[in-house]
Every structure is written in structure tokens, then in C-alpha cells.
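Just so it is clear, the values below take in all heavy atoms, side chains as well, and ignore hydrogens, waters and symmetry mates. We count ligands from 1, going down the list as the structure has it; atoms in each ligand are counted the same way. Just so you know, these numbers come straight off a predicted model, no measurement behind them.
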Amino acid sequence: MTAHPPPVADPVHATLDHGLRQLAALGGDLPAHANAIGTILWSPPRVVIVGRLKAGKSTLVNALVGAPVAETAALEATNVVTVYQDGAPSRAEVVGLDGRRHPVTIHHQPARLPIETPDIAFVDRWLPSSALRGLTLIDTPGLSTLTVANDAATRRVTIDGFEQTRGASIDADAAVFLFDAVPRTDEIEFLSQLPFTPLNTLGVLSRADSFGEGALGRRDPLVHAREHATRMAAQLSETVNAVVPLSGLMAQTSHTGMMTEHLAGALARLRPLAPLEVIRVLDSDERQGDDDVLPLALRVQLLELLGEYGVLNGRHIAPHGGAALNAWLTEHSGIGELQRALMSSTARFAVLHRAHRILSRLDQLAFSHPARERIRSLAAQLRASPALHLVAVLEDYQRMLRIDPRAEVTEDLRAVLLATSPAGRVGLPDHATTHEVAAEAHRRLGHVQRRSLATSSAAEDAALVTLIRTYTALTIPG
Ligand SMILES: Nc1nc2c(ncn2[C@@H]2O[C@H](COP(=O)(O)OP(=O)(O)O)[C@@H](O)[C@H]2O)c(=O)[nH]1
Ligand SMILES: [Mg+2]
């Protein structure tokens, strides 16, 4: 447990906290267990970033954190899971598969990892960042393509990456899934094996700045990517709750302070050139000739920080200065929309999912501990409490998704979870009156009670009991 837990405002948190105190009060070794489980409660929900190698995961982490922390700078940690959390001083601990922790001091030079990659379970990285106060971010090595060279070393990295990403996902509360163009079937299949639902999985169409034919194509790649993202959201509705187009590169540059007045000035010098000329200047590695327009080092830097799209389009903004260029990059990167999606639905369900993880830990404890009866009844009491009702709904929904994603019960549970008002829980518009809500709840109650006479699985049984509770509570107007 942290030394100074934040004030308890939300009822889910308060109820779980109270439950863990009751667990501790049972004595013996249970205070230690309560503390360990409490760590989950007192830390922010964990969001894992998944997607294949080079999809732009680490670039996105940098943009969200607001500093170039992911792999590029401080640690040579390309092939390992890294957990980014708020804390000072900036530091890291490499956690071995044997559970041992090896502290690493972060300097300006990249630090070598103290043990070899195959022996690493994950890296814990702390840095002071307000962005990380609300969410912990987990960067993964990625689902590497399985068609790369067949040599043993590559295969091991590939398969390790898979396993590590899976492992990191097990104690995560939500996922951001990055893909460009169309996700491959092995990616979708992998996602379906992770403990997430579409409610807490956000899709990101990455590298939007080079989408389709790219910066020189007939269509603006960002506009094209947005259209494609809408189509993908419909196609992937059983996997993700939305698809947001993103240029992680533009977001990273504008959010990590990499854009300078000097660079904006350099970019402004490309303004008079025609698009093809700009590309020729950028691509040329000659020191001669093109150095007249821009020195080689600056050309390389501009391309690295902005990409072709950023250079071609940003050059019209650059004469207005670094701040204007930075604002333009932010606006067009798509990072604002991604943050909003992450904070609204994804984070909301991440909080429920975290509560579910805590209840699961109680279940595990009840399984192995001598005080199993009392722990079991504590877990049951928590699940039955009104404050945790939605957590119980989520658990039923997760089970039903695995068994029968298209069942009516599954749909009903999903509607209850997604609703933002009592009316929404019974499928009515938010402005419905309490009497209309009560009448509809009554009708649904009758329906699910009849259904519960002939169920096809234990999961459906449990789900119907939960729905009966949900609708019963809504049949009383006011
Ligand atoms: N043009 C462009 N390049 C990107 C974008 N995001 C990442 N990259 C580049 O793609 C490469 C791989 O990115 P990285 O974040 O390391 O991918 P990861 O393997 O998924 O972590 C890097 O060279 C990035 O600069 C993007 O949105 N646009
Ligand atoms: Mg990476």
C-alpha cells in the first residue's frame, strides 16, 4: 500500500477498501494478503499497448508520457515489457524471471540492462509524469510477424515477444491495440486470447500520416486514414470499442518538446519548393548542392521528427514559428482524440476491470487459504454490494463473451455496462421518465425470469441472476 493513499471518492474504491480491511481483520497472515491485494487498488489502472513490432507502440508511449522515455533514450529495452508509472526519482528496476529486482540508474546515456533479455520478466520504470498519475502504461515488445527469417534467434525473440505480451496483459485492465491498414488474423486471434472485452480495448490506426499512398499520394493520408478507421471500427466491433487514427510520430514530436524554433526556421526554408523538390532534397544524402537549401543534419532531423507528411504540410505553417507548428502537429496527430477515448470509455471500464482483478485475487486466496469459508463469504458479500454491481455485470459479460458472444443475455449485459443512466440500462433513451424506466424494467424482469427456467450453461444462469438483480432495482421508481 502506498504511504499516502489518495482520498476515497468513488464507491467502488471505498467498498473494496472496506472489504480489504475486513480481510485484514481476520488476522493471521491475512493483513499481509490484504496489503498485497490493496496495492492493486491503490495504483492507477494499467493499460497495455499491444500491436506488432514497429507498429508505433513505443512512439505512442512517449507521446502520452510527454517525454522520450520508451526505449529510444534511457534504456536499451526493445525486446522487453516495460511498465511506466508515476514516481520520482526517475529510475528503473529490471525484474528477472526468478523474481529478483535489479535497480538501474537512469543517466543521459542509454543504460545497459543488468541481465540478459531472455532472463527478464519485465522492467519497472518510474518517472515523474502527471500523465501517468491516472494510468500506468505497459509497453510490449509486440506480436512480431511470424514470416520473418527463420533463424533460431529471431524466432526466439518473436515467440518471447508473444509470451511476454500475453503475460503483461494478464494484469492489465485495458488494452490499446495498434495496427496499420488492416489487422492480421493472427493479431485478432491473439487479442481474443487476452483477458479483455471490446469495452476496454481501444483500436488505433497507427502511422496515419503515411496511410494509403502516403504524403505524395492523391489523397490526404490523414483524411483517408480517418475514413478507413470508421470502416475498421465497424468491422472490428467484436474486438475494440472504437478505432482512432493516429500519427504517433507527430504526437511524439509535439508532446515531448522536440520541436524547436530553430527547426521551425529550417522547415520554413522549404516552403517555396514544389512537393517533389522537397522530397528530393530530403532524400538526398549529398552534402553538396542540397546543403545550400538545408544542411544534411537538419534535413535528417526534420524527416525523423516530422516524417514526409509533416515536412510537406508543416512547411506552410513553419513561417508562423515553432509554437504554431507544434500546435498544428498536435491537432493533426489525432492524439487528443485518442486521449479522450482512453479517458472516457476505456478508462471507465479499466476501473471496473481492476475491481474484478481484486475480486479474483480474493477468489484465489479463498481457494488455497485455511480461512477459505470466511474469505469466500467476504467475496460473495462484496459482489452482492450495490456499489460493485457493475463489476458483477462485467464478470458475467466476460464469461458470456467466451461462451456465446451473440446471445441475447450477452447483449443485455453489454447494454447495462455501456449505459450512462438508469434508462439506458433498460435500453430506453436517457430522458425517459422514472415511470417509463420502471415499467420497462418490469417487462424485462418477467422476460429474464422466464428465460432462467431453461438456461444452457452455468454462465448464463449466473448472468440471468445478475440481470434479475439489475432490473429488480430499476422497477422501483425514483
Ligand atoms: N511516419 C510515421 N512513423 C512512425 C509513426 N509511429 C512510429 N513511427 C516510426 O516507426 C518506427 C517504429 O516505431 P516504434 O514506436 O519503435 O514501434 P514499436 O516497435 O511498436 O514500439 C520508428 O522509427 C518510429 O519513428 C507514425 O505515426 N508515423
Ligand atoms: Mg517498441
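Within the listing of ligand 1, atoms 15 (O), 21 (O) sit less than 4.0 angstrom from a heavy atom of Ser58. Shown in contact with Leu53 at under 4.0 Å from a heavy atom are these atoms of ligand 1, numbered in order with element: 19 (O). Interface atoms of ligand 1 facing Lys54, defined by a heavy-atom separation under 4.0 Å, are 12 (C), 17 (O), 18 (P), 19 (O), 20 (O). The distance from ligand 1 to the heavy atoms of Ser247 drops below 4.0 Å at these ligand atoms: 27 (O). Distances below 4.0 Å separate heavy atoms of Ala55 from the following atoms of ligand 1: 17 (O), 18 (P), 20 (O).
Of the options Leu249, Thr140, Thr253, Leu305, the smallest heavy-atom separation from atom 6 (N) of ligand 1 is shown by Leu249.
Of the polar atoms of Ser210, none of the N or O atoms is found under 3.5 Å from an N or O of ligand 1, judged by distance alone. Looking at ligand 1, you won't find any N or O of Asp139 less than 3.5 Å from one of its N or O atoms. Annotation: Gly307 places no N or O atom under 3.5 Å from an N or O atom of ligand 1; distance criterion only.
With a 4.0 Å heavy-atom cut-off, ligand 1 is reached by the side chain of Asp209 but not by its N, CA, C or O.
Distance check, rounded to the nearest 0.5 Å: CZ of Phe349 to CG of Leu417 gives 5.5 Å.
Counting heavy atoms from C-beta outward, His356 and Leu352 have side chains that stay 4.5 Å or more apart.
The nearest N, O or S atom of Ser58 is closer to the Mg ion (ligand 2) than 2.8 Å.
Between Pro319 and Ala268, the shortest heavy-atom contact is N-CB, 3.9 Å.
Thr253 is linked by a side chain to side chain donor-acceptor pair (under 3.5 Å) to nothing, counting only residues two or more places apart in sequence or in another chain.
Taking the six-membered ring for Trp and the full ring otherwise, the centers of Trp328 and His316 sit at least 6.0 Å from each other.
In this structure, Arg383 pairs ionically with Glu395, as a charged nitrogen and a carboxylate oxygen lie closer than 4.0 Å.
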Distance-only check: which donor-acceptor pairs under 3.5 Å involve side-chain atoms of residues 303-314, not counting sequence neighbours?
residue: Tyr309; atom: OH; partner: Asp220; partner atom: OD1; Å: 3.2
residue: Tyr309; atom: OH; partner: Asp220; partner atom: OD2; Å: 2.8
residue: Asn313; atom: ND2; partner: Tyr309; partner atom: O; Å: 2.9

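By the 30° and 60° cut-offs, the orientation of the rings of Phe179 relative to Phe177 is tilted.
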